[in-house]
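Okay, structure first, notes after.
Values below: every heavy atom of this structure, side chains too, minus hydrogens, waters and symmetry copies. Lettering follows sequence order; numbering is per chain, from 1.
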Protein chains: 2
Amino acid sequence: MRITAVEEYGLRCLLTLAGKGTSGQMSISEIAEKEGLSIPYASKLLGILRRAGLVVAARGRTGGFSIARDPKEIGLYEILTALGGPLIDPNHCQKYSGQLDECVHFANCSVHDILGGLAGFVQDFLSKTTLQDLLAGNTSRRLFIPEKDLVVLNKAALSAELTEAPTTPEPGA
Amino acid sequence: MRITAVEEYGLRCLLTLAGKGTSGQMSISEIAEKEGLSIPYASKLLGILRRAGLVVAARGRTGGFSIARDPKEIGLYEILTALGGPLIDPNHCQKYSGQLDECVHFANCSVHDILGGLAGFVQDFLSKTTLQDLLAGNTSRRLFIPEKDLVVLNKAALSAELTEAPTTPEPGA
DNA sequence: ATGATACTTTACAGAATTGTACAGTATTTG
DNA sequence: CAAATACTGTACAATTCTGTAAAGTATCAT
């Protein structure tokens with residue numbers, strides 16, 4: 001489970017463009033130089049971003065790329081899935097079924113449950129973090145919280161938890 | 001960003017073994033058949049798990065694999081990193097520096113901040129979810145919570161948030 | 001002892017991903 | 001209109017990952 005190269009570089013290119021604002025513009029050459037990428041590679045990445053509707057391209061002599069929307073309106077989830085596909089393949093069960101025709105855990109597959117749940121979890125986090133957050137350096141808003149202070153719970157169960165066991169959250173199953 | 005095949009299958013093999021308990025045992029053949037994998041491939045996966053200290057192997061005629069520790073003591077984070085390497089490469093900046101000698105964002109790299117933060121976030125979630133949770137089907141404890149009820153916040157800021165804005169959490173930056 | 005069984009290790013073919021090369025199309029400037 | 005500039009699309013070499021193959025080592029039953 002890792003960030004792919006395309007996701008990494010693509011996100012950076014988009015971030016650079018976002019820094020110029022909606023009315024700003026940069027050519028592939030400029031972006032490539034700023035990010036230390038080759039021009040053909042930057043072209044490919046920008047092409048992906050354009051087809052995903054995240055940037056708009058102007059052709060011709062005075063052409064270049066601009067960010068398609070306000071950075072506040074672009075979540076990381078949309079960006080990363082555009083660049084690297086879905087977090088969990090929708091046909092996961094079908095794809096990873098080994099030599100059998102279908103997933104051997106088809107009926108009751110806790111692995112898929114947990115991985116699907118993780119994906120939703122990551123998606124939630126990534127969706128709520130926007131390009132604007134990255135631009136503003138707002139990484140500390142949801143990040144860098146000491147682990148002991150980090151909780152991920154159902155709100156309803158949380159009120160009780162806050163007044164009872166401050167250290168080890170254990171809501172009813 | 002995705003779950004790799006080795007992570008997926010390796011986790012399943014480990015889960016199957018965990019179902020037999022610490023004193024239980026299964027041969028590669030049995031595991032391979034149960035998971036729909038080829039015997040050589042299952043061998044490779046079990047080898048990885050063994051070197052990571054997650055399973056123990058007994059050689060010889062009555063040999064086989066057993067889970068190394070109580071499933072309650074094995075978190076998903078340990079498993080997935082053993083099978084697929086770290087979520088974020090420690091030498092991320094060095095590796096993904098394009099054609100330059102070092103990451104062009106070296107001094108102030110919000111991309112690395114956010115990705116590193118995400119990794120810590122995922123790590124926290126995965127560490128707190130154990131094999132036992134998967135065995136018991138306890139996927140609902142931290143999963144399948146409606147998004148509107150899901151909060152990820154600093155505890156200190158949370159008490160105030162619970163009494164003020166129940167829908168859109170916005171702690172001070 | 002000896003053979004059967006089962007884990008261990010290394011090497012390798014096929015597939016997917018990465019990054020590059022290059023020819024093509026569109027637009028502006030003079 | 002013609003040249004320059006910049007995006008677009010396809011094809012391809014290099015690398016990495018996936019899954020297989022096969023030879024080797026250890027242990028137990030007889």
For the pair made of [atom1] in [X] and [atom2] in [N], what is the distance, rounded to whole Å?
X      : N       : atom1 : atom2 : result
L45(A) : dC7(D)  : CG    : P     : 14 Å
L46(B) : dT9(C)  : CG    : P     : 13 Å
Y9(B)  : dC17(D) : OH    : C1'   : 14 Å
L49(A) : dT8(D)  : CG    : P     : 11 Å
I31(A) : dA6(D)  : CD1   : P     : 12 Å

Original post:
Would you say R61(A) reaches dG30(C)'s phosphate, i.e. side-chain N/O to OP1/OP2 under 4.0 Å?
Top reply: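 So the side chain of R61(A) is outside the cut-off, no N or O lying under 4.0 Å from OP1 or OP2 of dG30(C).
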Original post:
Within the pair S38(A) and dT20(C), is there a side-chain N or O less than 4.0 Å away from OP1 or OP2?
Top reply: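 Answer yes for this pair, as a side-chain N or O of S38(A) is under 4.0 Å from OP1 or OP2.
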Listed nucleotide nearest any side-chain atom of [X], set [options]:
X      : options                   : result
T4(B)  : dA6(C), dG9(D), dT18(D)   : dT18(D)
V6(A)  : dA29(D), dT18(C), dT27(C) : dT18(C)
P40(A) : dG3(C), dT20(C), dC7(C)   : dT20(C)
I28(B) : dG19(D), dT8(C), dC7(D)   : dT8(C)
S27(A) : dT20(C), dA6(D), dT20(D)  : dA6(D)
Y41(A) : dC28(D), dT29(C), dT18(C) : dT18(C)
A57(B) : dA21(C), dG19(C), dC7(C)  : dC7(C)

Subject >> Residue whose closest nucleotide on DNA chain C lies nearer the 5' end, G60(A) versus K44(A) >> reply: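 It is K44(A), whose closest nucleotide lies nearer the 5' terminus.
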Original post:
Is any side-chain N or O of R59(B) under 3.5 Å from a base N or O of dT25(D), one able to act as donor and the other as acceptor?
Top reply: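 For R59(B), whose side chain was compared with the base of dT25(D), there is a donor-acceptor pair (under 3.5 Å).
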Subject >> R50(A) (side chain) and dT8(D) (base): donor-acceptor pair under 3.5 Å >> reply: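 A donor-acceptor contact between them is absent.
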Subject >> Validation row: V6(A), Y41(A) side chains within 4.5 angstrom (heavy atoms) >> reply: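 With C-beta onward as the side chain, the pair touches.
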Subject >> E30(A) and K20(A) ion-paired at < 4.0 Å >> reply: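 No.
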Original post:
Any donor-acceptor pair under 3.5 Å linking the side chain of S27(A) with the backbone of G64(A)?
Top reply: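 Such a contact is absent between S27(A) side chain and G64(A) backbone.
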**OP:** Please confirm whether the backbone N or O of T4(B) pairs with a side-chain atom of E7(B), one donor and one acceptor, at under 3.5 Å?
**Re:**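 Side chain of E7(B) to backbone of T4(B), a donor-acceptor pair under 3.5 Å: yes, one is there.
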